[in-house]
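Inspection log for the structure reproduced underneath, given as structure tokens.
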Amino acid sequence: MHTETVDLLIGTYPADGTEPGSGEGIWRVALDRRSGSLTGERLLATTTAPSFLALHPSRPVLYAVREAEQGSVSAFAVEDDSLNLLGAVATGGSFPCHLRVTEGRLWVANYGDGAVTRLDLNEQGEPVEDPAVYRNTGSGPNPERQDGPHAHYIHDAGHGQLWVSDLGTDEVRRFTASGPNGVVVQLAAGTGPRHMTTLPGGAVVVVGELDSRLHVLRTDGSDLPLSPVPALAASVPAGQPSQPSHVDVGASTGTRNLLYAATRGPDVLAVFTVSGEQTLTHLSDSPVGGSWPRHFAVVPAEDDAADFVVVANQGSSTLDVLCVQASGQVDQVHSLNLPAPACVIPAR
């Protein structure tokens, strides 16, 4: 990444108290990689509940979920500074919340009923009809959140494997191009696995949304998680929410040994160092600048010594930019009002 600015794409939720389809859509803003400022916000497309976005790896196509009871995925052609709808395909599941694009396939995690959907893509990157829908069974001890399967995130684990977290069944499931291929790990009851990322040494970190911990998984075939690490340094008072949402690693040369985890409720970004292949050491907890951080993007600063972490704060309807130094020091450098942001990704 050698440009002074990078465009970001943001998917948004409906405003509080409104139904999906009430004016939410996909926005574009520009991030200055020198100062961390955000400018030029523009609504590119109005579409129903595009709470997660993903770009095709080689074609100018953007995919957006329609997080509703009758779930679907829309495909948009990215043309200069506009998005043109190519079409939409039903996922066969409810409330889709995450996407993973591979060459020739689009995978969808449907939170509502826990189904995982595989959509084939044509040569232009458009999804075709007749999806393969893979359903799961089971539940967990939390009656409000684990009444049944809730697929939440699809992680590219390499070697032709996709790992799918199921918040409702406390599982990480394995998929290959042909479909389900067993369970990677059954986590402790009540973990509520959510998002994942791969550490520099190859181990995978899964955030537990319900137990507020980070779970490090070996990738050596042992299928045993290491001892979990608290997502925050300080405990949260009883009865108060503490829900880790997203996790990712540093992107600049100076921060590649750092791990970032956002937690809703306390509304902080935790920073950890990664030593060896899989050891996490807590460095800091810092306010995210808004409330209910649902997702974030990590963009290396122009000097390649620090990162800008752009946080989608759903509750405060703000995009907030944090500058993270290699030491773990975090400073808020910018805030932009944007309606109920749910997902933020670099445009390229």
Side-chain angles (χ1 to χ4, degrees), residues 1 3-18 22-47 49-55 62 64-65 67 76 78 80-83 195 245-248 250-252 255 260-271 285-303 306-325 329-348:
M1 189 174 290
T3 59
E4 293 180 352
T5 62
V6 59
D7 284 341
L8 303 173
L9 296 169
I10 298 94
T12 61
Y13 265 128
D16 285 345
T18 63
S22 301
E24 67 275 18
I26 301 170
W27 293 72
R28 170 176 280 170
V29 301
L31 171 71
D32 188 316
R33 296 178 56 232
R34 297 161 298 179
S35 66
S37 63
L38 298 171
T39 57
E41 62 273 21
R42 180 177 172 223
L43 180 63
L44 299 183
T46 300
T47 183
S51 64
F52 201 85
L53 311 174
L55 285 163
L62 175 73
V65 302
E67 190 173 333
F76 296 86
V78 183
D80 297 324
D81 198 31
S82 64
L83 295 177
H195 287 197
S245 56
H246 189 55
V247 64
D248 208 347
S252 72
T255 62
Y260 309 131
T263 297
R264 297 169 296 179
D267 298 332
V268 299
L269 183 78
V271 181
D285 291 335
S286 302
V288 293
S291 65
W292 215 248
R294 184 172 180 86
H295 191 251
F296 60 80
V298 182
V299 178
E302 188 186 38
D303 64 6
D307 286 332
F308 291 116
V309 178
V310 185
V311 185
N313 281 313
Q314 178 187 348
S316 55
S317 285
T318 56
L319 277 182
D320 291 278
V321 184
L322 310 178
C323 182
V324 185
Q325 305 292 336
Q329 177 181 329
V330 179
D331 297 295
Q332 183 182 1
V333 295
H334 196 81
S335 184
L336 175 72
N337 292 327
L338 206 70
C343 168
V344 53
I345 63 171
R348 276 301 178 196

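Position 1 is the first residue of the sequence; numbering continues from there. Fair warning: this is a prediction, and the values are worked out from it, not measured in the lab.
The minimum heavy-atom distance between W292 and G315, with the atom names listed, is CB-N, 3.6 Å. For C343 against S51, the heavy-atom pair with the smallest separation is CB-O, 3.3 Å. Heavy atoms only, all atoms of each residue included: D285 and A270 are closest at OD1-CB, 3.2 Å. For the pair D320 and S335, the tightest heavy-atom approach, listed with the atom from each and the gap, is OD1-OG, 2.7 Å. Residues F296 and Y260 approach most closely at CZ-O, 3.6 Å, considering heavy atoms. Closest approach of A340 to P14, counting heavy atoms only: CB-O, 4.1 Å.
In this structure, CG on N313 lies 11.5 Å from CG on L338, to the nearest 0.5 angstrom. How far NE2 of H295 is from CZ of F52: 4.5 Å, rounded to the nearest 0.5 Å. One finds the CG atom of L53 at 9.0 Å from the CG atom of L83 (value rounded to the nearest 0.5 Å). If you take CG on L9 and CD1 on I26, they are separated by 7.5 Å, rounding to the nearest 0.5 Å. Atom NE2 of H334 sits about 14.0 Å away from atom SG of C323, to the nearest 0.5 Å. Remark: S245 OG to R294 CZ distance equals 8.0 Å, nearest 0.5 Å.
Judged by distance alone, the side chain of S252 and the main-chain N or O of T255 form a donor-acceptor pair under 3.5 Å. Using modelled atom types, no side-chain atom of D307 and backbone atom of G250 make a donor-acceptor pair closer than 3.5 Å. Between the side chain of H195 and the backbone N or O of V247, no donor-acceptor pair lies under 3.5 Å. Between the side chain of R42 and the main chain of D81, a donor-acceptor pair closer than 3.5 Å is present. Side-chain atoms of Q332 never come within 3.5 Å of backbone atoms of L322 as a donor-acceptor pair (strictly under, hydrogens ignored). Distance alone, capped at 3.5 Å, places no donor-acceptor pair between the S286 side chain and the L269 backbone. Under the 3.5 Å distance criterion, the side-chain polar atoms of R28 are left unmatched by any main-chain donor or acceptor of L8.
The closest side-chain heavy-atom distance from V29 to D7 is not below 4.5 Å. Looking at V321 and V309, their side chains never come closer than 4.5 Å, going by heavy atoms from C-beta outward. In this structure the side chain of W27 reaches within 4.5 angstrom of the side chain of T12, judged on heavy atoms. Residues F308 and V298 are not in side-chain contact: their nearest non-hydrogen atoms beyond the backbone lie 4.5 Å or more apart. By the 4.5 Å heavy-atom criterion applied to side chains, R33 and P300 are counted as neighbours. Taking 4.5 Å as the limit, every side-chain heavy atom of P293 sits out of range of all side-chain heavy atoms of H246. Taking the side chain as every heavy atom from C-beta outward, V311 and L319 never approach each other to under 4.5 Å.
Screening L31, V310, V299 against V344 for a side-chain contact (heavy atoms from CB on, under 4.5 Å) leaves a single residue, V310.
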Requested in this report: Step by step, work out the side-chain contact (heavy atoms from CB on, under 4.5 Å) result for T46 and E24.
Outcome: CA-CA 6 Å; T46 300; E24 67 275 18; over 6 Å; no
Report task. Check step by step if side-chain hydrogen bond (donor to acceptor under 3.5 Å, both in side chains) holds for S37 and S35. Result -> CA-CA 5 Å; S37 63; S35 66; 3.0 Å; yes
Report task. For the pair Y13 and E67, evaluate side-chain contact (heavy atoms from CB on, under 4.5 Å) and give the outcome as yes or no after the intermediate values. Result -> CA-CA 9 Å; Y13 265 128; E67 190 173 333; 2.8 Å; yes
Requested in this report: Go through the steps to decide whether V271 and V324 satisfy the test side-chain contact (heavy atoms from CB on, under 4.5 Å), and finish with yes or no.
Outcome: CA-CA 9 Å; V271 181; V324 185; 4.3 Å; yes
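There is no side-chain donor-acceptor pair under 3.5 Å between D267 and S291. A donor-acceptor contact closer than 3.5 angstrom is absent between the side chains of T318 and N337.
Under 4.0 Å is where a charged nitrogen must lie from a carboxylate oxygen, and between R34 and E4 at least one such pair does.
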